[in-house]
Amino acid sequence: MATVERPLTWRDPLRVAAGLAHRDGALALLSDGGSHGRWSWVGVEPDRVQITETGGDDPFQTLENFGPGAVGLAAYDLGARPATGPRTRVWPDLMLARYPALLRFDLHERTLVAVGRGETAEAAQAAADTAAAWAVARVASTETPLPPAETFEPETDPAAYRAAVADVVARIAAGELFQANIARAWSGRLRPDADPFDVFLRLQAGRASAYGAFWRLGERALVSNSPELFLDFDGRRIETRPIKGTRPRGADAVADAALAAELLASGKDRAENLMIVDLMRNDLARAARPGSVRVERLFEIETLPTVHHLVSTVVAEAAPDVGPGRVLAAAFPPGSITGAPKHQAMKVIAGHEPPRGPWCGSLFLLGEAGTLTASVLIRTAAFERDQAGWRFRTLAGAGIVADSDPAAELAETEVKISAMRQALTG
């Protein structure tokens with residue numbers, strides 16, 4: 001596979017993405033430019049697409065056949081099914097698309113490169129030419145559109161969620177498990193004149209995240225505003241940064257600092273975070289050189305526009321001959337949105353929730369030499385188009401532990417859904 005990279009004059013990635021957003025295969029992986037979000041990618045026109053409705057025994061084995069420039073979406077249910085058994089399908093287990101042409105934006109250095117790949121040098125050059133043309137084409141407006149949702153309704157009432165939390169607490173007390181992430185779902189429709197990209201634009205306006213994403217493929221679209229890294233793999237080093245522990249932002253600087261300090265000092269949240277750190281250490285060990293798994297950072301506060309999060313970092317050195325498919329298979333679905341023990345937590349989740357679809361699955365990009373970046377699809381809405389237009393579904397969850405209070409966990413889901421709710425409804 002030949003690769004051509006051509007430096008271009010800097011353009012704003014969101015403006016470029018807006019000009020391509022209504023084309024099939026439109027992809028925008030946009031970072032906020034923070035310490036964990038240096039790179040953004042924009043492209044259209046994948047030359048190979050594979051949609052797997054139900055994954056097999058080794059659903060990630062085909063990833064490396066797609067090669068660099070491949071984007072994938074693994075639904076949560078793909079990883080949960082071994083624990084839950086067959087369930088109603090709400091989204092394909094795995095969607096893959098390969099992009100021979102992409103635009104790569106370095107937000108720290110403010111540089112832009114057209115990347116072209118092909119079987120020959122000539123094909124790679126032609127792909128780079130195509131990407132370069134996208135950067136100079138007339139861009140669409142990035143003004144914040146009106147709220148696009150026509151409806152936004154909870155799928156269950158608050159009392160049902162509180163009852164689910166109480167049930168999980170009772171199961172923990174009985175020794176069945178230590179933690180489970182239980183979610184609520186909301187669904188609705190966009191106005192007939194609205195588009196999923198409108199939601200993405202509204203999230204980008206003051207709420208951009210490290211792993212923001214828009215992907216349109218056929219009659220499906222995904223909008224994500226995720227702050228959470230699932231896996232980063234450079235061919236040797238594996239890194240994961242699970243989030244566990246949340247507080248809302250304060251009304252002023254003093255209140256905001258107090259809430260962050262409260263989160264950092266919370267024994268409950270630290271215990272919840274530590275359980276998932278241990279789980280992720282175990283998951284990474286399946287693909288790692290023995291003895292190489294370690295906790296690099298523990299209990300760090302990350303502040304986002306609407307919440308404070310408690311984040312830890314676990315790293316490992318990959319075992320010989322381990323590629324991105326095996327790294328994903330070792331840890332999927334993400335531990336931060338399942339629980340501990342993971343298999344039992346997924347069974348308990350299935351007893352309280354319908355299938356999740358893309359939410360809390362992963363969106364990932366394959367780079368050169370088998371590198372991988374994968375996000376956890378929290379703060380995410382999935383869209384499907386029918387004869388009446390676009391319908392959507394989005395979720396928010398909370399990690400339930402022994403001393404969880406059902407009312408407090410319900411309130412946490414409201415905080416977590418707030419940015420998506422505002423983007424959809426205003």
Side-chain angles (χ1 to χ4, degrees), residues 27 29 50-56 58-63 66 70-84 86-97 180-185 187 196 209-217 220-233 240-243 276 279-280 283 324-325 327-339 342-343 345-346 349-350 353-366 372-384 392-397 399 416-417 420:
L27 172 74
L29 306 177
Q50 176 181 311
I51 297 178
T52 304
E53 296 294 339
T54 303
D58 189 2
F60 298 115
Q61 64 181 343
T62 62
L63 293 191
F66 272 69
V71 174
L73 195 171
Y76 166 85
D77 308 296
L78 168 65
R81 193 172 295 109
T84 64
R87 305 188 77 199
T88 303
R89 184 188 65 79
V90 298
W91 192 273
D93 274 0
L94 186 63
M95 299 167 59
L96 293 168
N181 186 287
I182 303 298
R184 303 169 64 199
S187 56
S209 66
Y211 303 101
F214 173 81
W215 195 20
R216 184 192 305 272
L217 206 59
R220 297 185 179 94
L222 185 88
V223 171
S224 182
N225 199 42
S226 175
E228 184 169 359
L229 175 71
F230 175 32
L231 294 165
D232 186 77
F233 176 53
T240 183
R241 288 199 298 272
I243 291 174
I276 300 306
L279 188 156
M280 294 307 300
D283 282 356
V327 171
L328 271 168
F332 191 80
S336 63
I337 47 70
T338 51
K342 183 188 263 189
H343 191 273
M346 290 188 293
I349 289 167
E353 298 179 32
R356 288 175 168 180
W359 185 80
C360 281
S362 182
L363 187 69
F364 54 88
L365 172 69
L366 297 181
L372 168 79
T373 302
S375 68
V376 180
L377 287 176
I378 56 174
R379 319 295 197 269
T380 295
F383 298 80
E384 292 188 277
F392 66 86
R393 188 169 191 255
T394 184
L395 298 90
K416 288 177 175 176
I417 202 64
M420 186 63 71

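Residue indices begin at 1 and follow the sequence shown. Heavy atoms only: backbone and side chains are in, while hydrogens, waters and symmetry mates are out.
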Margin query: Do Tyr211 and Ser224 have side chains that approach each other closer than 4.5 Å (heavy atoms only, starting at C-beta)?
Written below: no

Checklist line | Where Thr54 and Arg81 come nearest, the two heavy atoms and their spacing | finding: CG2-NH1, 4.0 Å

Notebook entry, point to check: Are Pro227 and Ile378 close enough that some pair of their side-chain heavy atoms sits under 4.5 Å apart?
Noted result: yes

Notebook entry, point to check: CE/Met95 to OG1/Thr52 distance, rounded to the nearest 0.5 angstrom?
Noted result: 10.5 Å

Check: Taking it one step at a time, do Arg393 and Trp91 satisfy side-chain contact (heavy atoms from CB on, under 4.5 Å)?
Finding: CA-CA 11 Å; Arg393 188 169 191 255; Trp91 192 273; over 6 Å; no

Notebook entry, point to check: To the nearest 0.5 Å, how far apart are CZ in Phe60 and CG in Leu328?
Noted result: 5.0 Å

Next item on the list: Write down the atom of Asn181, the atom of Ser336, and the distance for their closest heavy-atom approach.
Entry: ND2-O, 3.7 Å

Next item on the list: Could you please spell out the steps behind the side-chain contact (heavy atoms from CB on, under 4.5 Å) verdict for Ser362 and Val376?
Entry: CA-CA 5 Å; Ser362 182; Val376 180; over 6 Å; no

Notebook entry, point to check: Hey, does Gln50 have a side-chain heavy atom less than 4.5 Å from the side chain of Thr62?
Noted result: yes

Note to self: Can you tell me how far apart CG (Leu377) and CG (Leu222) are? Round to the nearest 0.5 Å.
What the structure shows: 5.5 Å

Check: Does Ser375 use its side chain to pair, donor to acceptor, with the backbone of Leu229 at less than 3.5 Å?
Finding: no

Notebook entry, point to check: How long is the span from the CD1 atom in Ile417 to the CG atom in Leu395, to the nearest 0.5 Å?
Noted result: 7.0 Å

Next item on the list: Please tell me if the side chains of Phe392 and Val223 come closer than 4.5 Å, counting only heavy atoms from C-beta onward.
Entry: no

Check: Which atoms form the tightest heavy-atom contact between Ala80 and Met346, and what is the distance?
Finding: CA-SD, 3.6 Å

Note to self: Could you walk me through whether Thr84 and Ile349 satisfy the side-chain contact (heavy atoms from CB on, under 4.5 Å) test, starting with their C-alpha distance in whole Å, then the side-chain angles of each, then the deciding distance to 0.1 Å, before giving a yes or no?
What the structure shows: CA-CA 9 Å; Thr84 64; Ile349 289 167; over 6 Å; no

Next item on the list: For Trp359 and Arg379, work out which heavy atoms get closest and say how close.
Entry: NE1-N, 4.1 Å

Check: Under 3.5 Å, is there a donor-acceptor pair between the side chain of Lys342 and the main chain of Pro333?
Finding: yes

Margin query: If we ignore hydrogens and angles and just use 3.5 Å, is the side chain of Arg87 paired with the main-chain N or O of Asp77 as donor and acceptor?
Written below: no

Note to self: Just verifying a value: how many Å separate Thr240 OG1 and Leu231 CG, rounded to the nearest 0.5 Å?
What the structure shows: 5.5 Å

Margin query: Could you walk me through whether Thr394 and Phe383 satisfy the side-chain contact (heavy atoms from CB on, under 4.5 Å) test, starting with their C-alpha distance in whole Å, then the side-chain angles of each, then the deciding distance to 0.1 Å, before giving a yes or no?
Written below: CA-CA 9 Å; Thr394 184; Phe383 298 80; over 6 Å; no

Note to self: Less than 4.5 Å apart, side chain to side chain, heavy atoms only: is that true for Leu73 and Pro358?
What the structure shows: yes

Check: What heavy-atom pair brings Ala331 and Asp283 nearest, and what distance separates the two atoms?
Finding: O-OD2, 3.7 Å

Note to self: Could you tell me if Asn225 and Ser209 have a donor-acceptor pair between their side chains, going purely by distance under 3.5 Å?
What the structure shows: yes

Check: Nearest 0.5 Å, what's the CG-CZ distance between Leu366 and Phe66?
Finding: 9.5 Å

Check: Which pair of non-hydrogen atoms, one from Ile276 and one from Gly339, has the smallest distance, and what is that distance?
Finding: CD1-CA, 4.3 Å

